[in-house]
Amino acid sequence: MKWTVTMEDLEKYAQKIGGSNVVAGYVEDYHLFNIPGYRYYVIVVNDEGITLIHLSLKMEVKSERTIHYDDIEAVTVSGLLLKKVTIKTKDDKIALLVKTTIIGLGAAQKSLLERLAHYK
């Protein structure tokens, strides 16, 4: 059973990371096929970089990764309903899935996508 992320959860992590112009949203690992075992993240974007907070099904933080703005080469957003976000760094390429139709998180997801689309 999947857990659900609420606006309160997003606000909590946005405050924890802080910074100016902070935006938070919910993302999953992108897979071409619907394979079980997704990784679930809260993503926090601010003026310093992008932070991915990997959460377990019990909403516990498993790991946290910050990608600084200087390390990012490109951010691309594609797709119609399910948006694929690709973050290309000097060492890595991260593909994430942003669901825009999540009930209760629609505004946060749209803000996140707008911010990521204009990131670089």
Side-chain angles (χ1 to χ4, degrees):
M1 181 170 126
K2 286 186 182 179
W3 50 267
T4 57
V5 176
T6 63
M7 279 302 290
E8 291 81 24
D9 296 326
L10 295 181
E11 291 169 1
K12 177 180 79 171
Y13 288 111
Q15 288 177 355
K16 177 184 172 193
I17 301 300
S20 58
N21 298 325
V22 86
V23 176
Y26 165 76
V27 297
E28 297 177 0
D29 267 345
Y30 176 81
H31 295 284
L32 188 57
F33 301 106
N34 192 8
I35 301 170
Y38 282 112
R39 290 185 179 167
Y40 306 101
Y41 299 95
V42 169
I43 184 171
V44 181
V45 181
N46 59 19
D47 288 340
E48 297 171 9
I50 299 173
T51 302
L52 293 169
I53 303 168
H54 182 196
L55 301 175
S56 69
L57 293 176
K58 296 180 182 179
M59 297 289 291
E60 298 167 346
V61 176
K62 287 179 118 179
S63 65
E64 190 173 309
R65 177 180 180 187
T66 301
I67 306 165
H68 294 285
Y69 185 74
D70 296 336
D71 295 335
I72 297 172
E73 293 180 355
V75 177
T76 58
V77 178
S78 61
L80 295 174
L81 287 176
L82 300 176
K83 302 287 188 176
K84 179 184 176 186
V85 175
T86 305
I87 304 168
K88 185 177 179 188
T89 66
K90 297 171 184 171
D91 303 328
D92 200 5
K93 184 176 179 182
I94 303 164
L96 302 169
L97 180 69
V98 179
K99 297 180 178 180
T100 58
T101 57
I102 297 177
I103 297 173
L105 297 181
Q109 298 293 79
K110 287 179 185 175
S111 297
L112 174 67
L113 285 171
E114 289 173 6
R115 182 69 187 271
L116 288 172
H118 297 98
Y119 201 73
K120 268 278 191 192

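For reference, positions follow the sequence shown, starting with 1. In this text the structure is predicted, and so the values were computed from the model without any measurement.
A heavy-atom distance below 4.5 Å is not found between the side chains of Val42 and Asp9. Contact of the Val61 side chain with the Leu55 side chain is registered, since non-hydrogen atoms from C-beta on lie closer than 4.5 Å. Here the side chains of Val77 and Val98 are not in contact, with every heavy-atom distance at 4.5 Å or above. Between Ile50 and Leu116, some side-chain heavy-atom pair lies under the 4.5 Å cut-off. Between Leu96 and Asp29 there is a side-chain heavy-atom pair separated by less than 4.5 Å.
Here the shortest heavy-atom pairing between Leu112 and Val45 reads CD1-CG2, 3.8 Å. Looking at every heavy atom in both residues, Leu10 comes nearest to Tyr26 through CD2-N, 4.2 Å.
How far CG of Leu97 is from CZ of Arg39: 15.0 Å, rounded to the nearest 0.5 Å. Note: Ile17 CD1 to Thr51 OG1 = 4.5 Å, rounded to the nearest 0.5 Å. Taken to the nearest 0.5 Å, the OG1 atom of Thr6 stands 14.0 Å off from the CD1 atom of Ile103. Atom NZ of residue Lys62 and atom CG of residue Leu57 lie 7.5 Å apart, to the nearest 0.5 angstrom. Considering CD of Glu28 and CD1 of Ile43, their distance stands at 13.0 Å, rounded to 0.5 Å. Between atom NZ of residue Lys93 and atom CD1 of residue Ile87 there is a gap of 12.0 Å, rounded to the nearest 0.5 Å.
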Side chains of residues 78-86: which donor-acceptor pairs under 3.5 Å do they make with residues two or more places apart or in other chains?
| residue | atom | partner | partner atom | Å |
| --- | --- | --- | --- | --- |
| Lys83 | NZ | Gly79 | O | 2.8 |
| Lys83 | NZ | Leu80 | O | 3.4 |

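Under the ring pair (Phe, Tyr, Trp, His ring centres under 6.0 Å) criterion, His68 pairs with no residue at all, not counting sequence neighbours. Qualifying salt bridge (Lys or Arg N to Asp or Glu O under 4.0 Å) partners for Glu11, counting only residues two or more places apart in sequence or in other chains: none. For the side-chain hydrogen bond (donor to acceptor under 3.5 Å, both in side chains) test, no residue two or more places apart in sequence or in another chain qualifies with Glu114. Applying the side-chain hydrogen bond (donor to acceptor under 3.5 Å, both in side chains) test to Glu60 and every residue at least two apart in sequence or in another chain returns nothing. Residues passing the side-chain contact (heavy atoms from CB on, under 4.5 Å) test with Ser63 are His54, sequence neighbours excluded. Applying the side-chain contact (heavy atoms from CB on, under 4.5 Å) rule to Lys16 yields the partners Tyr13, Glu64; only residues at least two apart in sequence or on another chain are considered.
Sorted by first then second residue, the salt bridge (Lys or Arg N to Asp or Glu O under 4.0 Å) pairs that include residues 44-54, not counting sequence neighbours, are Asp47-Arg115.
Looking at Gln109, its side chain does come within 3.5 Å of a backbone N or O of Lys99 through a donor-acceptor pair. The backbone N or O of Lys90 sits nowhere less than 3.5 Å from a side-chain atom of Asp71 that would complete a donor-acceptor pair.
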